[in-house]
Each structure stands twice: as C-alpha cells, then as structure tokens.
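See structure below.
Keep in mind it's a predicted model, so treat the numbers as computed, not measured.
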Amino acid sequence: MKSKKTLLIRIIAVAVLIAVAVTMFIIGRGHTVYFDNKDLTADGSEYKSYYQIEVFVDDVSVAKLKSGERGMVSTMGQNFKMVLHITPEKDGKKVGSAVSLKLPYNMDGIILNLPALLSGASEDVYMDEFIPTPTVEDETEDVVISDEFEMPMGDE
C-alpha cells in the first residue's frame with residue numbers, strides 16, 4: 001500500500017515539473033527583435049523606407065531609426081506589442097501606429113522590416129531570422145614575438 005502511494009506521489013511530482021517547464025518555455029522565452037527601416041523588394045512588391053520611425057516598447061523609446069538604419073530590443077514571451085511614431089518624409093507630420101505580433105518559438109533573433117510590416121505584407125515578407133555572420137580573421141597577419149628586456153639566458 002505504501003509503495004503505491006509513493007509511486008503516485010512521484011508521478012504527480014514529475015507531471016507538475018513537466019507542466020512548469022512547458023509553461024516557463026512559453027512564457028519566459030527570450031527574443032531579440034531587430035527593427036529595419038530599410039527598402040525591401042519581395043514578391044514583386046517594393047517597400048520604401050520612411051524618413052524616420054521611433055519605436056516604443058512598454059512606453060519606452062527603444063529605437064529612433066532614420067532611413068536605412070536598424071535598431072533592436074530584447075523581450076520576453078511570445079506576444080510582442082510596440083507603438084511606432086512614423087515620419088514618412090522630412091518635415092512631415094508624425095503618424096502613430098500600434099502593432100501586436102506573435103513571435104515564433106523557433107527564432108531567437110527576429111528581424112522585422114517595418115515598411116513592409118506597415119504596408120500589410122505577409123509575415124514571411126516582413127519577418128526574417130537574424131543569423132550573425134562569423135568574422136573572418138586575416139590569416140596572413142604575422143605575429144612578432146620579441147623579448148623587449150633581452151634577459152640573458154644561461155652562461156652568457
């Protein structure tokens with residue numbers, strides 16, 4: 001009788017731990033979101049960058065992007081909300097836009113092309129995964145080793 005009770009308690013404990021792990025994966029998943037204010041041509045459509053876009057996340061300005069620039073923010077969870085203050089052209093009037101997105105589980109770094117997003121393009125056009133390119137070191141560089149103090153060695 002006691003072994004059945006112990007086994008049941010262990011099964012319940014493992015089930016609770018698995019439920020907590022799944023919940024933390026969904027809620028606590030961190031992402032780095034990159035914002036591009038760059039021209040984009042995709043699927044035969046052309047999306048022109050704006051003069052300036054200011055990005056607010058949680059009422060905090062996280063990026064002020066001129067045409068051709070990129071900004072970023074780190075965020076937790078799958079639901080992402082931002083407010084954009086868009087200046088379409090120099091000396092133009094600012095226009096506000098609120099955007100809510102579901103971030104994919106399988107991407108750590110996500111690039112959002114804001115002109116395509118604001119133009120109503122599909123997710124596969126305005127969203128892409130950020131994959132850092134490794135830097136290539138110049139292998140022809142000579143390494144010079146010298147003893148600047150010229151310490152005598154042995155019986156000199």
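- In this structure, I111 is not a member of the same hydrophobic cluster as M127, with clusters built from ILVMFWY side-chain heavy atoms closer than 4.5 Å.
- Note that CZ of F80 is 7.0 Å distant from CG of L112, once rounded to the nearest 0.5 Å.
- Grouping Ile, Leu, Val, Met, Phe, Trp and Tyr by side-chain contacts under 4.5 Å, direct or through others, puts V125 with L40, Y47.
- Atom CG in L114 sits 5.5 Å away from atom CG in L84 (nearest 0.5 Å).
- Both Y126 and V99 are assigned to one and the same hydrophobic cluster, defined by single-linkage of ILVMFWY side chains at heavy-atom distances under 4.5 Å.
- Contacts classified as side chain to side chain donor-acceptor pair (under 3.5 Å) and involving residues 105-114 (residues at least two apart or in different chains) are given here: R29-D108.
- Sorted by first and then second residue, the salt bridge (Lys or Arg N to Asp or Glu O under 4.0 Å) pairs involving residues 117-130 (not counting sequence neighbours) form an empty list.
- Distance check: L101 CG to L117 CG gives 6.0 Å after rounding to the nearest 0.5 Å.
- Residue pairs meeting the side chain to side chain donor-acceptor pair (under 3.5 Å) criterion with at least one partner in residues 81-102, sequence neighbours excluded, are N79-K102.
- A distance of 12.0 Å separates OG of S119 from NZ of K48, quoted to the nearest 0.5 Å.
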Show me the donor-acceptor pairs within less than 3.5 Å that the side chains of residues 54-78 make with the rest of the protein, sequence neighbours left out.
residue	atom	partner	partner atom	Å
E54	OE2	S61	OG	2.9
K66	NZ	Y51	OH	3.4
K66	NZ	Q52	OE1	3.2
S67	OG	S49	OG	2.4
E69	OE1	K66	N	2.8
R70	NE	D36	OD1	2.6
R70	NH2	D36	OD1	3.3
R70	NH2	D36	OD2	2.9
Q78	OE1	H31	NE2	3.2
Q78	NE2	L103	O	2.5

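- Residues satisfying the ring pair (Phe, Tyr, Trp, His ring centres under 6.0 Å) criterion with Y34, sequence neighbours excluded, are F130.
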Can you list, pair by pair, the side-chain donor-acceptor contacts under 3.5 Å of residues 1-28, counting residues two or more places apart and other chains?
residue	atom	partner	partner atom	Å
T6	OG1	K2	O	2.9
T23	OG1	A19	O	2.8

